Peer 1: 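Structure below; questions to follow.
These numbers were taken from a predicted model, which means no experiment stands behind them.
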Amino acid sequence: DADPVDGAAPLQLRDIAVLAPDIDRYLPHIQAVFGSALGTARAIPFSVADAGALAASPLVEAFVRLLWLAEEPITLPGLIDLLAVPALAAQMDIDAASAGRLQDWLNAAGARWGLDADDRAAHGGDGIAYSLQFAIERLLLGHACGAPAQIGDVAALPMLDGQATAQLDGLLRLLDVLRQAAATLEIEANG
């Protein structure tokens, strides 16, 4: 089929290639964006070539990320990457849409890096500000009081709706797993 305007064949999806120097770094994001739409009208067929052995198994990649918890603090993007692993997300009852909402809420509440004050201190930070615990406390207090308020040292942020409790429960379970993994790795490292 030639294009009537210039005689060229129309562009097909198979004609598009996206190249990256280290595709493994981008694979969780590709899976999160394109994989979440599979089976819907928004689906865009895709495949990834030249991915490394770890990229072939997102669960293995998540496990390797957990092993690094003693060396590198968890960040908000790193947490969302973990939630992009289908087996892990399913275990926490978090679908792709829920992961997106969690990311928006945590970002707005100020989560940047570290599980809590202890995790931030272990990685050179100070205080609880900008940790995941800090953001969750702001969201939960905002949900409880229903309006912006200063409660002790915490500025409540009312962003959660009634359906948020299931998503938040899955997030809290994942954070508990991350805390346990970090504690176990620290014990092993300090021998």
Peer 1: Please check if L79 and Y130 belong to a single hydrophobic cluster, counting links between Ile, Leu, Val, Met, Phe, Trp and Tyr side chain heavy atoms closer than 4.5 Å.
Peer 2: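 Different hydrophobic clusters.
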Peer 1: So which heavy atom on A89 is nearest to which on L83, and how close?
Peer 2: CB-O, 3.3 Å
Peer 1: Taking a hydrophobic cluster as the set of Ile, Leu, Val, Met, Phe, Trp and Tyr residues connected by side-chain heavy atoms closer than 4.5 Å, whether directly or through intermediates, do L178 and L106 fall within one such cluster?
Peer 2: yes
Peer 1: Evaluate the criterion side-chain contact (heavy atoms from CB on, under 4.5 Å) for residue pair L132 and L171; output intermediate values, then yes/no.
Peer 2: CA-CA 10 Å; L132 292 163; L171 174 65; over 6 Å; no
Peer 1: How close do L160 and H143 get, counting heavy atoms only, and between which atoms?
Peer 2: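 In this case the closest contact between L160 and H143 is O-ND1, 3.5 Å.
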Peer 1: What I'd like to find out is whether the side chain of I128 reaches to under 4.5 Å of the side chain of E137, using heavy atoms alone.
Peer 2: yes
Peer 1: How about E72: does its CD atom have over 12 heavy atoms from other parts shown lying under 6.0 Å from it?
Peer 2: yes
Peer 1: Would you list the atom pairs, donor with acceptor, under 3.5 Å between side chains in residues 113-121 and any protein atom, with sequence neighbours excluded?
Peer 2:
| unit_1 | atom_1 | unit_2 | atom_2 | d |
| --- | --- | --- | --- | --- |
| D116 | OD1 | D118 | N | 3.2 |
| D116 | OD1 | D119 | N | 2.9 |
| D116 | OD2 | R179 | NE | 3.2 |
| D119 | OD1 | H123 | ND1 | 3.3 |
| D119 | OD2 | L115 | N | 2.8 |
| R120 | NE | G127 | O | 3.2 |
| R120 | NE | A129 | O | 3.2 |
| R120 | NH1 | W113 | O | 3.3 |

Peer 1: Would you please test D176 and L172 for side-chain contact (heavy atoms from CB on, under 4.5 Å) and show each step?
Peer 2: CA-CA 6 Å; D176 188 46; L172 293 174; over 6 Å; no
Peer 1: Show me the pairs that pass salt bridge (Lys or Arg N to Asp or Glu O under 4.0 Å) and involve residues 88-115, at least two apart or across chains.
Peer 2: D93-R173
Peer 1: Over all heavy atoms of both residues, which pair between A147 and P158 is shortest? Give the atoms and the distance, please.
Peer 2: C-CG, 3.6 Å
Peer 1: Just so I know, are the side chains of L168 and L140 near enough to count as touching, which here means a heavy-atom distance under 4.5 Å?
Peer 2: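 The answer is yes, as the side chains (C-beta and beyond) meet within the 4.5 Å cut-off.
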